[in-house]
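Shown next, in structure tokens, is the structure this report addresses.
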Amino acid sequence: MDLMEAVRIRKSIRGFKPDPVPQAVIAEILSAALCAPSPVNTQPWEITVVTGKALEALKQANMELLQSGAAADPHAQYGPHTGVYRKRQVDLAIQLFQLMGIRKEDQDRRAGWTALGCRLFDAPAAIIIAVDEAVGEWSALFSVGSIAQTIALAALNYGLGTCIQGQAIAYPEAVRRITGIAASKRLIIGIALGYPDFDFPANRVQADRLSLETAVKWCGSEE
Ligand SMILES: Cc1cc2nc3c(=O)[nH]c(=O)nc-3n(C[C@H](O)[C@H](O)[C@H](O)COP(=O)(O)O)c2cc1C
């Protein structure tokens with residue numbers, strides 16, 4: 001796949017076909033993604049691929065914790081957002097709910113959408129990325145952001161879709177229990193991975209983007 005095309009067409013996929021993703025394909029994606037940059041080449045990412053019964057157990061545990069009213073890890077929620085950032089968050093939610101036919105006041109279906117997220121949108125595979133506590137927070141976050149996007153782009157080459165997903169690690173203890181990731185490792189992000197179901201309405205989402213003029217300041221350019 002053309003690199004610029006991949007950069008432009010990548011988007012979050014929130015509905016997957018049940019088809020399993022061959023382990024060899026996931027290995028190729030991750031082997032390429034390991035070329036991602038990290039501060040002073042620390043490569044602090046520790047990657048766990050979760051499929052099959054382990055993934056089913058994770059989805060189930062997340063659902064049970066969600067339904068029990070357990071508090072989700074605030075790190076995996078990124079908020080609260082205010083001002084323009086809150087507006088962008090709301091704009092995304094409005095678009096997703098419109099596509100899914102969920103009315104704002106329909107608490108049951110909104111809860112159902114959250115539950116689907118906790119089930120990693122029923123993806124057949126998930127990638128959990130953790131970083132040792134000894135690594136500084138900025139370094140950890142930059143490195144995992146860098147490799148997460150690289151995974152998302154590489155996945156496109158194999159017809160796969162991804163959703164980089166805080167919800168996947170909303171309940172860290174469940175993730176640790178099922179995957180064996182030690183308490184000394186910070187869980188940074190999960191990525192749902194699978195073949196996109198393009199009939200799933202939410203996959204028609206087109207999250208708004210800033211214009212070049214809004215996002216970029218040119219300093220020292222004569223033109
Ligand atoms: C760190 C991070 C965490 C995210 N967590 C979630 C999540 O928990 N659930 C979800 O549906 N999308 C999640 N997303 C996807 C964003 O909503 C999405 O990237 C954004 O709306 C832009 O849309 P696009 O990916 O379709 O271009 C996350 C993205 C990032 C980078």
Side-chain angles (χ1 to χ4, degrees), residues 4-16 33 36 44-45 47 50 55 58-59 61-63 65-66 70-81 84-100 102 109-123 125-131 137-156 160-172 174-175 186-194 196-198 200-211 214-215:
M4 289 302 278
E5 188 192 358
V7 171
R8 287 197 182 276
I9 69 164
R10 185 221 52 84
K11 62 173 180 169
S12 295
I13 293 298
R14 298 181 175 90
F16 296 90
W45 36 68
I47 300 170
V50 192
L55 184 55
L58 179 59
K59 291 174 184 173
N62 279 351
M63 285 286 290
L65 285 158
L66 177 74
D73 184 347
H75 287 113
Q77 299 187 61
Y78 312 101
H81 295 121
V84 66
Y85 309 109
R86 173 72 184 156
K87 182 184 178 307
R88 289 174 195 159
Q89 178 180 10
V90 170
D91 285 350
L92 174 70
I94 289 173
Q95 202 190 139
L96 281 169
F97 285 176
Q98 269 174 1
L99 285 166
M100 294 301 296
I102 301 173
R109 291 207 53 210
R110 287 180 65 158
W113 178 251
T114 304
L116 187 60
C118 282
R119 292 205 315 269
L120 293 99
F121 300 110
D122 288 334
I127 296 166
I128 307 289
I129 312 180
V131 173
E137 195 174 350
W138 279 48
S139 184
L141 294 178
F142 181 92
S143 302
V144 173
S146 150
I147 199 165
Q149 167 75 341
T150 310
I151 291 169
L153 293 176
L156 292 172
L160 288 159
T162 51
C163 187
I164 297 172
Q165 232 201 324
Q167 281 171 308
I169 54 155
Y171 301 106
V175 178
R186 280 196 200 116
L187 300 177
I188 309 285
I189 201 68
I191 305 176
L193 175 74
D197 174 359
F198 288 113
F200 188 71
N203 286 344
R204 293 202 300 274
V205 72
Q206 278 303 338
D208 289 340
R209 286 304 197 265
L210 300 180
S211 66
T214 310

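Any value given below was found using the heavy atoms of this structure, including those in side chains, with hydrogens, waters and symmetry copies removed. Counting convention: from 1, in listed order, for ligands and their atoms alike.
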Does an N or O anywhere in [X] fall below 3.5 Å from an N or O of ligand 1?
X	result
I164	yes
V205	no
R209	yes

NE2 of H75: more than 12 outside heavy atoms within 6.0 angstrom?
no

Examine distances only and state if a side-chain atom of [X] and a backbone atom of [Y] form a donor-acceptor pair shorter than 3.5 Å.
X	Y	result
N62	C118	yes
N203	G15	yes
K59	A123	yes
Q165	G117	yes

With no hydrogens and no angle check, just 3.5 Å: does a side-chain donor-acceptor pair link S211 and T214?
yes

Students should be able to answer this: which protein heavy-atom is nearest to [atom], and at what distance?
atom	answer
atom 25 (O) of ligand 1	S12 OG, 2.6 Å
atom 9 (N) of ligand 1	Q167 OE1, 3.0 Å
atom 23 (O) of ligand 1	A207 CB, 3.3 Å
atom 5 (N) of ligand 1	G166 N, 2.9 Å
atom 21 (O) of ligand 1	L92 CD2, 3.3 Å

Per-atom contacts, ligand 1 versus F121 - under 4.0 Å to a heavy atom
11 (O)

Give the atom numbers and elements of ligand 1 that come within less than 4.0 Å of a heavy atom of Y78.
1 (C), 3 (C)

Using the ring of each side chain (for Trp, its six-membered ring), is W113 parallel, tilted or perpendicular to F121, with breaks at 30° and 60°?
tilted

The option among R14, Q165, R10, K11 carrying the non-hydrogen atom nearest to atom 16 (C) of ligand 1 is R14

Contact check, C163 vs ligand 1, heavy-atom distance below 4.0 Å:
yes

Between R119 and D122, does any NZ, NE, NH1 or NH2 come within less than 4.0 Å of an OD or OE carboxylate oxygen?
yes

Ligand 1 versus A168, non-hydrogen atoms closer than 4.0 Å: side chain, backbone, both, neither?
neither

Separation between CZ (R14) and CE (M100), nearest 0.5 Å, reads 10.5 Å

